[in-house]
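Down below is the structure, laid out as structure tokens.
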There are 2 protein chains.
Amino acid sequence: MEVEGLRARKKRARLEAFVDATHRLAAEQGLERVTVEAICAEVGVSVRTFFNYFESKDDAVLGMEHWRLDPAVGDRFAAGGPTGHLLTDMQALITSALDHPPLGKERMERAFELAKDHPEVMLRAYTHLQGLTDELGGLVRRRFGDAADESTVALVGTLLLALAHATFVRWDTAGGDGDVQDHLPSVVAELTAIVAPRA
Amino acid sequence: MEVEGLRARKKRARLEAFVDATHRLAAEQGLERVTVEAICAEVGVSVRTFFNYFESKDDAVLGMEHWRLDPAVGDRFAAGGPTGHLLTDMQALITSALDHPPLGKERMERAFELAKDHPEVMLRAYTHLQGLTDELGGLVRRRFGDAADESTVALVGTLLLALAHATFVRWDTAGGDGDVQDHLPSVVAELTAIVAPRA
DNA sequence: TGAATTATTGCAGAGCGTGCAGAGTTGTCC
DNA sequence: GGACAACTCTGCACGCTCTGCAATAATTCA
């Protein structure tokens, strides 16, 4: 099972075709004017097929199916690493995730540009990342054992989403140059300044 | 214009009737089985009227139209108060907001119970609170003047939502006793512990 | 009471999303 | 290569959410 079969290759190609067609049409006429029917006409498949690939129209903008954490990075986090300081270790998690977008950096960035102006899409992204948060919840429980009650887990998860979102915003206001995750440290610094202004 | 006219009273009563009918039906048969048509049959009005009151079905669960901050509290925040410590002053803002739910405490709590199990509803709540975040953005700019760049504003807003959400979760895991905002301090304490474990 | 304002309603229709069943592809095993 | 299983695509019918429009009914105010 080293090489992808024809089936898997076709599936991936079609997925990307859907996402790219959606982005192209949205750039031309604005996302609100893009219908699923139009996307399918562009790709050359039936509407029914679209919904075999995505649960909703917004998912075609995001193109993210399951954005998994790197298991090695997750294990290190669960074991209390890499540094032992929770906030720092959360950064490692986010950086790792932003480093491996399922469909490539360009599509992720285009998706964010669209999500910026379309709350439904941004919220849909939150839903997807919520899955990642659940995965994170497991890691937090492994890391803290019985010391972790549910609301701690929830807080860490929400905080992680907030950091990721703020990082995107900062990357965007900085002109969209370089990698998104490069802006994470300054966001964390700012958070620290807000929470504990004088250490 | 001291006393509400018949018109305003009827409107409010109908709004509450919609919300209560939605909650009742959701309790009976599960939210996913509740259609707008059923809600309207329960209330005794046409479906079209429903959409004169709410933009979406989920809004009838939440029953929040515009959840405004108390202007006096907002002004004090913008002026750098009440304590001068940003995180503490954010708490004052959240407490004030949670203290004055537009349709009463009971409905807010029932709405949260439903939102807990229904991501779309929770996300819809985020959308509404986003408006509050925009209002907060204005306050943050007034508070910091030119020192506040856009990503700072975004981070504070997102952090505020995260705190409010985590507070609800904690209130819920604590059994739903007392006021929601009573659990905010412990959430903030936990956040502080995460960000700056040893001061 | 009469005129202006505002709310309610039905209707027609666009768009999203799902279940189903038949037809077409791909993978596997001999 | 052939046969069978597994998966994918497609059209169709349908339910549901939500909007625009224009007619009707109810409140307000003078």
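Letters A, B, ... mirror the listed sequences (proteins, then strands); counts begin at 1.
Between A:E37 and B:G44, the residue whose closest nucleotide on DNA chain C is further toward the 5' end is B:G44. Comparing B:E55 and A:R14 against DNA chain D, the residue whose closest nucleotide sits nearer the 5' end is A:R14. Summary of the strand contacts: B:V47 and B:K10 both lie near DNA chain D, and taking for each the nucleotide with the nearest heavy atom, the more 5' one is attributed to B:V47.
The separation between A:L31 atom CG and C:dC16 atom P is 10 Å, rounded to whole Å. Counting to the nearest Å, the C1' atom of D:dT8 and the CZ atom of A:F18 are 12 Å from each other. Here the P atom of nucleotide C:dT8 and the CZ atom of B:F54 are 12 Å apart, to the nearest Å. Whole-Å rounding puts the A:R9 CZ to D:dC7 P distance at 19 Å. Regarding A:D59, its CG atom lies at a distance of 13 Å from the C1' atom of C:dC16, rounded to whole Å. Atoms CG (B:L15) and C1' (C:dT8) sit 16 Å apart, rounded to a whole Å. Residue B:N52 contributes atom CG, which lies 11 Å from atom P of D:dG20 at whole-angstrom precision. Atom CG in B:L25 sits about 14 Å away from atom P in D:dC16, given to the nearest Å.
Between B:F50 and B:F54, the two ring planes are tilted [angle within 30° to 60°].
B:F50 comes within 4.0 angstrom of nothing in the nucleic acid, heavy atoms only. Note on B:R33: nothing from the nucleic acid sits closer than 4.0 angstrom, heavy atoms only.
Summarising the geometry, atom CG belonging to A:L184 is positioned 4.5 Å from atom OG1 belonging to A:T167; distances are rounded to the nearest 0.5 Å.
Between C:dA7 and B:R48, no contact under 4.0 Å exists linking OP1 or OP2 to a side-chain N or O. Taking 4.0 angstrom as the limit, B:K57 places none of its side-chain polar atoms (N or O) nearer than this to OP1 or OP2 of D:dC18. Residue A:T49 places at least one side-chain N or O under 4.0 Å from the OP1 or OP2 atom of D:dT10.
Comparing D:dT17, C:dT9, C:dG17 against the side chain of B:V36 picks out D:dT17 as the nearest. Distances were taken from every side-chain heavy atom of B:Y53 (C-beta onward) to each of C:dT9, D:dT17, C:dA7; the shortest belongs to C:dA7. Of the candidate nucleotides D:dC7, D:dG11, C:dC16, D:dC7 has the atom nearest to the side chain of A:R7.
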Item to complete: Could you walk me through whether A:D59 and A:H128 pass the side chain to side chain donor-acceptor pair (under 3.5 Å) test, one step at a time?
Response: CA-CA 9 Å; A:D59 283 357; A:H128 280 282; 3.0 Å; yes
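In this model, a donor atom of one side chain and an acceptor atom of the other lie less than 3.5 Å apart for A:E190 and B:T152. Side-chain polar atoms of A:D89 and A:T83 form a donor-acceptor pair below 3.5 angstrom.
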